[in-house]
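So the structure is just underneath, and the comments pick up after that.
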Amino acid sequence: MVPTWHYLLLSAALLTIGILGVLTRRNIIIILMSLELILNAVNINLVAFSRQWGDVSGQVFAIFIITVAAAEAAVGLGILIALFRNRDTVNADEIDLLKW
Amino acid sequence: MLFAQIIFYLLAGVAVVSALLVITRRNPVHSAIYLIITLLSVALIYLQLQAEFLAAVQIILYIGGIMVLFLFVIMLVRLDEALRQEQFNRQWFVAGVAVVVLAVELIGVIYLGRDTALGPEAGPEALKALQPNTERIGEALFQTYMLPFEIASLLLLVAMVGAVLMARRRVE
């Protein structure tokens, strides 16, 4: 059986790749995809611990996280469409209306 | 036993490599397709962890729902100009250093705590508590976690109203 800490390493790798994407990319669509990567990394942790302790609560929490991810994607993409309609850009560093 | 390990490392490799491709591709459609590959291998890792229901939810909701939403939005937004521009922002070097520090820290903590902090590995009797999987999840979801379940449904309603409000064309 694969030990739990190997799952944690996989989760850490996906988390760091997701954070790298959020911090470095300019395209908002890809920033939102990197957020999905981060949420998936958390889910791998929860399911691995659920197996380690033989408790199904971790999997229930993973379902809640998937729900939140769906809500986040819907609202985020709605904001993206509204933004594109008003500013005609998808670059995160060009959205600086509130900067002085 | 060995077969399951080979499958896990194969799936983990595919997930990490296609996650790297997600954040480096220029075209968001290619990123979305590589993200689907990552999500699919994560779903297979859930299967390998004996979470069959969650694997099905991952495929139906993530790949069938969220990624289709992403692809629709990519089609709605005009990307020709953004494709010709620089894809990474000016802080990429600082961000890269910070992320490398974070990765070293995470790997160090997980490696050092692998025996002491995590506790003993589950035996076959602990895995029996997870089966039959859908039934166990249903019991936990509708008994122990009833209130969070209701709150999640409210959250989805609010998100739906919010998304419709955001994407609506302004009527004067």
Side-chain angles (χ1 to χ4, degrees), chain A residues 1-6 8-10 12-21 23-27 29-30 32-34 36-37 40 43-44 47-48 50-57 59-60 62-64 66-71 73-75 77-82 84 89-93, chain B residues 4-5 8 12 15-16 19-20 22-23 28 31-32 35 38-39 42 45-46 49-51 54 57 61-62 65-66 69-70 73-74 76-77 79 82 87-89 92 95 99 102-103 106-107 110 114 118 121-122 126-127 129-130 136-137 140-141 145 148 152 155-156 159-160 162-163 166-167:
Chain A
M1 203 155 80
V2 185
T4 304
W5 67 281
H6 289 188
L8 300 193
L9 282 183
L10 169 65
L14 286 183
L15 178 90
T16 28
I17 292 169
I19 292 177
L20 188 66
L23 289 179
T24 57
R25 289 301 297 245
R26 292 179 78 210
N27 193 329
I29 300 174
I30 295 177
L32 284 173
M33 288 187 203
S34 306
E36 304 294 332
L37 276 180
N40 262 280
N43 273 352
I44 292 177
V47 179
S50 159
R51 186 197 65 167
Q52 175 167 6
W53 282 305
D55 188 343
V56 86
S57 297
Q59 298 180 18
V60 174
I63 291 174
F64 285 136
I66 291 178
T67 314
V68 173
V75 175
L77 293 171
I79 291 175
L80 171 62
I81 288 179
F84 185 75
T89 179
V90 288
N91 289 335
D93 47 5
Chain B
Q5 291 185 351
F8 168 72
V16 170
L20 278 173
V22 169
I23 66 162
S31 288
L35 185 56
T38 306
L39 295 175
V42 170
I45 286 172
Y46 290 160
L49 278 166
Q50 310 197 0
L54 209 55
V57 166
L61 234 160
Y62 253 117
I66 297 178
L69 192 64
F70 267 102
V73 169
I74 291 171
L76 284 177
V77 171
L79 287 168
Q87 292 298 307
F88 294 93
N89 60 23
W92 67 268
V99 162
L102 177 71
L106 279 174
I107 291 169
I110 292 169
R114 69 191 188 283
L118 285 179
E121 289 287 327
L127 291 178
L130 297 177
R136 291 285 166 276
I137 287 181
L141 199 59
Y145 298 105
L155 175 77
L156 284 177
M160 190 173 73
M166 292 286 183

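The structure displayed is predicted, hence computed values, not measured ones. A note on names: the letters A, B, ... follow the listed sequences, proteins ahead of strands, and every chain is numbered from 1.
- Interface summary for chain B: among A:Asp93, A:Ile44, A:Val47, the most heavy-atom pairs under 4.5 angstrom belong to A:Val47.
- Of the atoms belonging to A:Ile30, it is side-chain heavy atoms, and not backbone ones, that fall under 4.5 Å from chain B.
- The two residues A:Ala12 and B:Ile110 come nearest to each other via the heavy atoms CB-CD1, 4.1 Å.
- Of the two parts of A:Ala69, the backbone and the side chain both hold a non-hydrogen atom closer than 4.5 Å to a non-hydrogen atom of chain B.
- Under the side-chain contact (heavy atoms from CB on, under 4.5 Å) criterion, A:Leu15 pairs with A:Ile19, A:Ile38, A:Ala41, B:Leu106, not counting sequence neighbours.
- Between B:Leu54 and A:Asn43 the shortest side-chain heavy-atom distance does not fall below 4.5 Å.
- Partners of B:Arg136 by salt bridge (Lys or Arg N to Asp or Glu O under 4.0 Å), not counting sequence neighbours, listed by chain and number: B:Glu139.
- In this structure, the side chain of A:Arg25 engages the main chain of B:Ile23 through a donor-acceptor pair within 3.5 Å.
- Of all heavy-atom pairs spanning A:Ala13 and B:Val16, the tightest one is CB-CG2, 4.1 Å.
- Note that CZ of B:Phe70 is 8.5 Å distant from CD1 of A:Ile29, once rounded to the nearest 0.5 Å.
- For the options B:Ser31, B:Ala152, B:Gly162, B:Ala140, heavy-atom pairs under 4.5 Å to chain A are most numerous at B:Ser31.
- In this structure, B:Leu130 CG and A:Trp53 CH2 are separated by 13.0 Å, a value rounded to the nearest 0.5 Å.
- No other option in A:Asp55, A:Leu14, A:Thr16 has as many heavy-atom pairs under 4.5 Å with chain B as A:Thr16.
- Both the backbone and the side chain of A:Ser50 come within less than 4.5 Å of a heavy atom in chain B.
- The aromatic rings of B:Phe8 and A:His6 sit parallel to each other, their planes meeting at less than 30°, with 60° as the upper class boundary.
- Distance check: B:Leu76 CG to A:Leu80 CG gives 9.5 Å after rounding to the nearest 0.5 Å.
- With a 4.5 Å cut-off on non-hydrogen atoms, A:Asn40 touches chain B through its backbone and its side chain both.
- The structure places CE of A:Met33 at 11.0 Å from OG1 of B:Thr38, a figure rounded to the nearest 0.5 Å.
- By the 6.0 Å and 45° rule, A:Arg26 does not stack over the aromatic ring of B:Phe88.
- Taking the side chain as every heavy atom from C-beta outward, A:Asn27 and B:Leu79 approach each other to under 4.5 Å.
- For a residue to count as touching a neighbouring chain, one of its non-hydrogen atoms must lie under 4.5 Å from one of that chain's; by this rule A:Leu20 touches chain B with backbone and side chain alike.
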Next item on the list: Any chance you could lay out the side chain to side chain contact (heavy atoms under 4.5 Å, CB included) test for B:Val73 and A:Leu32, step after step, and finish with the verdict?
Entry: CA-CA 12 Å; B:Val73 169; A:Leu32 284 173; over 6 Å; no
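- Both the backbone and the side chain of B:Leu49 come within less than 4.5 Å of a heavy atom in chain A.
- Contacts of A:Ile81 with chain B are made by side-chain atoms alone, with heavy-atom separations under 4.5 Å and no backbone atom involved.
- For the residue pair A:Ala74 and B:Leu69, the shortest heavy atom distance occurs at CA-CD2, 3.9 Å.
- Here the OG1-CZ distance, from A:Thr4 to B:Arg114, works out to 13.0 Å after rounding to the nearest 0.5 Å.
- For chain B, the nearby part of A:Ser34 is the side chain; its heavy atoms alone come within less than 4.5 Å.
- For B:Gln87, the parts lying near chain A are the backbone and the side chain together; criterion is any non-hydrogen pair under 4.5 Å.
- Note that the CD1 atom of A:Ile63 and the CD1 atom of B:Ile137 stand 4.5 Å from one another [nearest 0.5 Å].
- With a 4.5 Å cut-off on non-hydrogen atoms, B:Tyr62 touches chain A through its side chain but not through its backbone.
- For the residue pair B:Tyr46 / A:Gln59, no side-chain donor-acceptor distance below 3.5 Å is found, with atom types taken as modelled.
- Nearest heavy-atom pair across A:Leu23 and B:Asn89 is O-ND2, 3.1 Å.
- What you find for B:Ala4 and A:Val2 is that their closest heavy atoms are O-CG2, 4.5 Å.
- Proximity to chain B (any heavy atom under 4.5 Å) is shown, for A:Val56, by both the backbone and the side chain.
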